[in-house]
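For reference, the structure is listed below as structure tokens.
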Amino acid sequence: MNKILIVAPSTKMGGAEQASVNLANGLQSVGKQITYISLFMQEKFFKLNSEIKFIEPENFNIKKLNLIETLLWLRKIIKKENPDAVIVYQKFYSAIVLLALAGTKYRVFISERASPLFKWSTHVSIFNKIVFSLRKPDGVIAQTSIAAEYQQKYYGKKVPIKVIPNIVREVKLFPEIKRENIILAVGRLGDHLKGFDSLIKAISITKNNWELHIAGGDEDGEYLKQMARDLNVLNRIKFLGKVKNMDEVYARAGIFVIPSRSEGFPNALLEAMAAGLPCIAFDFIAGPRDIITDGINGIIIEDGNIDALARAIDELVADPKKRLSLGKNALSVREKFHAKVITNQVLNFIQDYK
């Protein structure tokens, strides 16, 4: 298997986008011929290796997807590229690709990146079910063990499901930068599932004086700022906005917290651990238990328990030795989730099911 085609929404900032670009680069680095199809013409944030062929629509609406136009365009492009396998990110886009390839024998694998709790709109869900009833994917890649259980129920017992986590990108370490009294969180401000409201509530009842820095997104987070004002902690919080030098931000932070209500796979948690940060995570669906061994390379607390989150933060602030130990052990994710390791798992999976 040499030619692999990857279909994803775009290369803009986002979890599925980052995962798809990392896999494309990983596959190309081991000698595979990669074509990357972006379904939308949007800003480029994540960078593909120069050897990867990049294709995006030139005349499509950047926000709305014209189904018929997209189906015809995809069918033409994929038949021209003639790949040995197609990997598509997300359920809806996978249904579109499978419909576009009706009557062909191209092998299509779905990489499910959304949280198991995520629900598509009614009309999209109906479309998905109709397409998958006509043609099943050749296999599905789930990010976590919990997600795999959900996907097996959805696609049926005959569809092979494999748990393969995301690749951790190469986070640069800065040993010369001293860690500061900063609690760091990362994610889209406008996404309720990121749980920043819970984190701000927790900060308001902590007993330390560390600052909370929240990085990510173009949104101004006014509702979060108002909450911080109401709780009298706005002076302890900095909203960093969209950050391109995240590795330096990770290097300066003293603790990382992910207060999400749900995730497909917590990329920011993985990156923070790869940066050697002691991390605290709610026990949400899904991801933390696939990455963290509680008390060894991070801390997992009861999902949604704001009081427990505040206590865990205070305990880490007061215990520099524990912060050092957790951060040192967290670095092991650099090997466990390395591009070569995950890429080989993907290749073995798509080659096994012919």
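None of these values were measured; they are calculated from a predicted model.
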What pairs of donor and acceptor atoms, side-chain ones from residues 146-161 against any protein atom, are under 3.5 angstrom apart with sequence neighbours left out?
unit_1, atom_1, unit_2, atom_2, d
Gln152, NE2, Gly156, O, 2.7
Gln152, NE2, Val159, O, 3.0
Tyr155, OH, Glu112, OE2, 2.7

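Shown here are the side-chain contact (heavy atoms from CB on, under 4.5 Å) partners of Glu176, two or more places apart in sequence or in another chain: Phe174. Not counting sequence neighbours, the partners of Phe118 by the ring pair (Phe, Tyr, Trp, His ring centres under 6.0 Å) test are Trp120. In this structure Asn181 satisfies the side-chain hydrogen bond (donor to acceptor under 3.5 Å, both in side chains) test with no other residue, sequence neighbours excluded. Residues that satisfy the side-chain contact (heavy atoms from CB on, under 4.5 Å) test with Ile77, not counting sequence neighbours, are Ile37, Ile55, Trp73, Glu81.
Every pair tested for ring pair (Phe, Tyr, Trp, His ring centres under 6.0 Å) that includes a residue from residues 249-287 fails, sequence neighbours excluded, so the list is empty.
Side-chain contact annotation: Gln42 with Glu17, donor-acceptor N/O pair under 3.5 Å absent.
Between the side chain of Arg334 and the backbone N or O of Met273, no donor-acceptor pair lies under 3.5 Å. Judged purely by atom type and a 3.5 angstrom limit, Ser94 uses its side chain to pair as donor or acceptor with the backbone of Gln90. Put simply, the side chain of Asn208 gets close to the backbone of Trp210: a donor and an acceptor are under 3.5 Å apart. A distance-only check finds a donor-acceptor pair linking the side chain of Asp247 to the backbone of Lys172 [under 3.5 Å].
Contact check for Tyr89 versus Ile87: side-chain heavy atoms found under the 4.5 Å cut-off.
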Stepwise side-chain contact (heavy atoms from CB on, under 4.5 Å) check, Val346 with Gln351: CA-CA 8 Å; Val346 172; Gln351 288 170 349; over 6 Å; no
Verdict with reasoning, Ile301 to Asp283, per side-chain contact (heavy atoms from CB on, under 4.5 Å): CA-CA 6 Å; Ile301 59 176; Asp283 192 13; over 6 Å; no
